[in-house]
Amino acid sequence: MGEREKELVLQVIADDCLSGFFGSWRDEFFGGPRVKEFEAAWSRRFQVKHTVSVNSATSGLFAAIGACKVGPYDEVIVPPYTMSATAMAPLAYGAIPVFADIDPDTFCLDVESARRAITPRTKAILTVNIGGHPARLHDLRALCEEHGLYLIEDNAQGPLAKENGKYAGTIAHIGVFSLNYHKHIHTGEGGMCCTDDDELALRMQLIRNHGENAVEALQLEDISNLVGYQYRMTELCAAVGLAQLENADEHVGKRKHIAERLSEGVKDLEGVTPPVVREGCEHVYYMWFCKLDEQVLEVDRKTFCDALAAEGFPNAPGYIRPLYLLPLFQRKIAFGSAGFPFDKSNVDYSKGICPVAERMHYHEVVGFEPCAFALTEQHLDQLIEAFRKVHANRHSLTPA
Ligand SMILES: *Cc1c(COP(=O)(O)O)cnc(C)c1O
């Protein structure tokens with residue numbers, strides 16, 4: 001947070017109106033002046049037609065699924081290697097998340113695995129630009145067009161990432177960004193949903209704000225999923241967001257610099273693979289994910305990671321356990337206790353369904369979150385030194 005954030009927030013306080021929304025049909029149904037200004041600025045920055053602000057990316061993902069008319073017992077294909085909200089979004093509409101495996105280099109949804117998961121019940125693919133690296137977004141979009149499906153991007157971790165010159169979050173039918181405290185740019189809590197489609201934008205606005213009160217005035221024929229929630233962003237958050245967006249390149253650039261320094265510092269070590277940047281992509285490194293080869297290193301990952309932590313290199317071995325291993329999926333209990341919406345499906349959530357995701361989680365990936373620390377060049381040198389020290393001495397470590 002800087003002077004500009006303070007300045008814009010103090011203006012909101014001086015105006016004495018912390019939210020401009022009304023939940024009934026009138027001009028203010030679409031929010032207050034800062035909210036509208038922030039949405040317009042976001043659309044300009046990311047070169048999209050519409051941006052709908054919300055109070056979190058979770059809300060944004062729920063609104064996106066609802067806008068795409070996903071309903072009970074429909075299927076939505078998702079990767080398992082992501083924050084849990086990704087897979088909760090289909091469930092919020094009574095739909096079934098179907099997990100497809102990930103690519104072992106970027107950890108994003110594997111296109112062929114997604115293709116194999118398509119059934120007559122599939123309505124959408126919800127892909128994730130995990131760690132800040134774009135999934136194969138253009139290929140996934142083509143796959144969706146081929147099968148008449150919606151593509152939604154969970155771009156919570158990828159602001160300003162690009163694939164083939166186009167911003168992540170703008171290649172799918174809808175792209176959802178997070179502005180929570182941990183993300184590259186933030187408003188404490190918040191989210192932004194981008195789309196070029198007029199109808200999808202309006203449907204997300206209705207889901208955001210008590211849509212049931214507006215459908216008559218708008219003379220909408222199809223009112224499915226227009227049950228409204230309260231996902232509205234405050235004027236305070238929008239003011240902070242405006243200032244953060246002005247400095248987005250700097251905020252993102254800092255993370256990239258940290259990640260690139262780390263990669264450079266360990267790339268010659270045998271058994272260690274720093275993050276891969278696929279050709280044509282720009283990576284924004286919400287996470288710096290390196291991979292360890294336990295066979296080549298002749299030491300197990302836990303031993304290596306414990307030693308890294310002891311040397312002052314904070315790390316997350318495995319990052320996130322594949323989501324289908326959560327009790328929700330293992331027990332198939334979501335809403336009520338009778339098994340809805342799994343009761344009419346034979347969807348498989350057994351251990352082993354996504355072998356690549358499991359191998360990454362249990363054996364190969366080491367995550368480090370550059371966003372979590374204010375690192376100086378000296379800290380970076382020390383982190384690299386710590387990593388190299390552990391690597392050089394790995395054979396004398398006591399197994400964990
Ligand atoms: C942070 C995050 C979310 C949720 O964002 P909120 O704004 O906290 O709701 C969803 N998906 C991914 C991949 C995330 O990293």
Side-chain angles (χ1 to χ4, degrees), residues 38 42 51-66 76-92 97 99-100 102-103 106-109 124-135 137 140 151-161 168-169 171-172 174-194 204 207-208 229-234 237-238 240-241 244-245 251-252 255 259 283-289 316 318-324 326 328 357 360-361 365 367-372:
F38 183 32
W42 194 276
T51 302
V52 179
S53 62
V54 282
N55 58 8
S56 72
T58 303
S59 306
L61 291 167
F62 286 22
I65 289 283
V76 176
I77 297 168
V78 297
Y81 201 64
T82 173
M83 197 259 161
S84 63
T86 313
M88 297 307 109
L91 275 177
F99 293 98
I102 59 172
D103 152 67
T106 62
F107 322 114
C108 296
L109 187 62
I125 297 178
L126 172 43
T127 188
V128 184
N129 302 316
I130 197 71
H133 191 289
L137 297 169
L140 286 167
L151 180 66
I152 301 170
E153 274 176 78
D154 177 341
N155 193 41
Q157 303 188 355
L160 301 183
I171 298 165
I174 299 174
V176 179
F177 295 72
S178 173
L179 298 173
N180 88 21
Y181 177 66
H182 308 283
K183 301 307 193 312
H184 296 72
I185 60 174
H186 81 95
T187 60
E189 307 289 356
M192 301 299 258
C193 309
C194 292
M204 288 194 286
I207 291 166
R208 166 178 73 181
Y229 294 90
Q230 210 287 40
Y231 292 161
R232 307 178 319 205
M233 179 176 277
T234 66
C237 285
V240 172
Q244 290 270 293
L245 185 61
H251 295 304
V252 172
R255 317 306 176 193
H283 192 334
V284 293
Y285 299 102
Y286 177 70
M287 293 293 294
W288 181 80
F289 284 131
Y319 186 48
I320 287 179
R321 188 179 59 167
L323 292 180
Y324 49 83
L326 287 170
L328 189 162
M360 294 306 127
H361 174 69
V365 164
F368 171 77
E369 192 182 344
C371 308

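Side-chain atoms are counted along with the backbone in the values below, which use heavy atoms only and exclude waters and symmetry mates. Just so you know, ligand 1 is whichever comes first in the structure, and atom 1 is the first atom listed for that ligand. Remember, it's a predicted structure, so these values are computed and weren't measured experimentally.
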Less than 3.5 Å apart, N/O on ligand 1 and N/O on the protein: could you list those pairs with the distances?
residue: ligand 1; atom: 5 (O); partner: Ser178; partner atom: OG; Å: 3.3
residue: ligand 1; atom: 7 (O); partner: Ala57; partner atom: N; Å: 2.8
residue: ligand 1; atom: 7 (O); partner: Ser178; partner atom: OG; Å: 2.7
residue: ligand 1; atom: 8 (O); partner: Asn180; partner atom: ND2; Å: 2.8
residue: ligand 1; atom: 9 (O); partner: Ala57; partner atom: N; Å: 3.2
residue: ligand 1; atom: 9 (O); partner: Thr58; partner atom: N; Å: 2.8
residue: ligand 1; atom: 9 (O); partner: Thr58; partner atom: OG1; Å: 2.5
residue: ligand 1; atom: 11 (N); partner: Asp154; partner atom: OD1; Å: 3.3
residue: ligand 1; atom: 11 (N); partner: Asp154; partner atom: OD2; Å: 2.7
residue: ligand 1; atom: 15 (O); partner: Gln157; partner atom: NE2; Å: 2.8
residue: ligand 1; atom: 15 (O); partner: Lys183; partner atom: NZ; Å: 3.1

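- Shown here are the side chain to side chain donor-acceptor pair (under 3.5 Å) partners of Thr82, two or more places apart in sequence or in another chain: Thr86.
- Nearest heavy-atom pair across Tyr81 and Ile320 is CE1-O, 3.2 Å.
- In terms of the ring-ring contact (aromatic ring centres under 6.0 Å, His included) criterion, residue partners of Tyr229 (sequence neighbours excluded) are, by chain and number, Tyr231.
- Between Ile207 and Phe62, every side-chain heavy-atom pair lies at or beyond the 4.5 Å cut-off.
- Between atom CE of residue Met204 and atom OG1 of residue Thr51 there is a gap of 8.5 Å, rounded to the nearest 0.5 Å.
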Using residues 174-181 as the side-chain source, report each donor-acceptor pair under 3.5 Å to any protein atom, sequence neighbours left out, with the distance given to one decimal.
residue: Ser178; atom: OG; partner: Asn180; partner atom: N; Å: 3.1
residue: Asn180; atom: OD1; partner: His182; partner atom: N; Å: 2.7

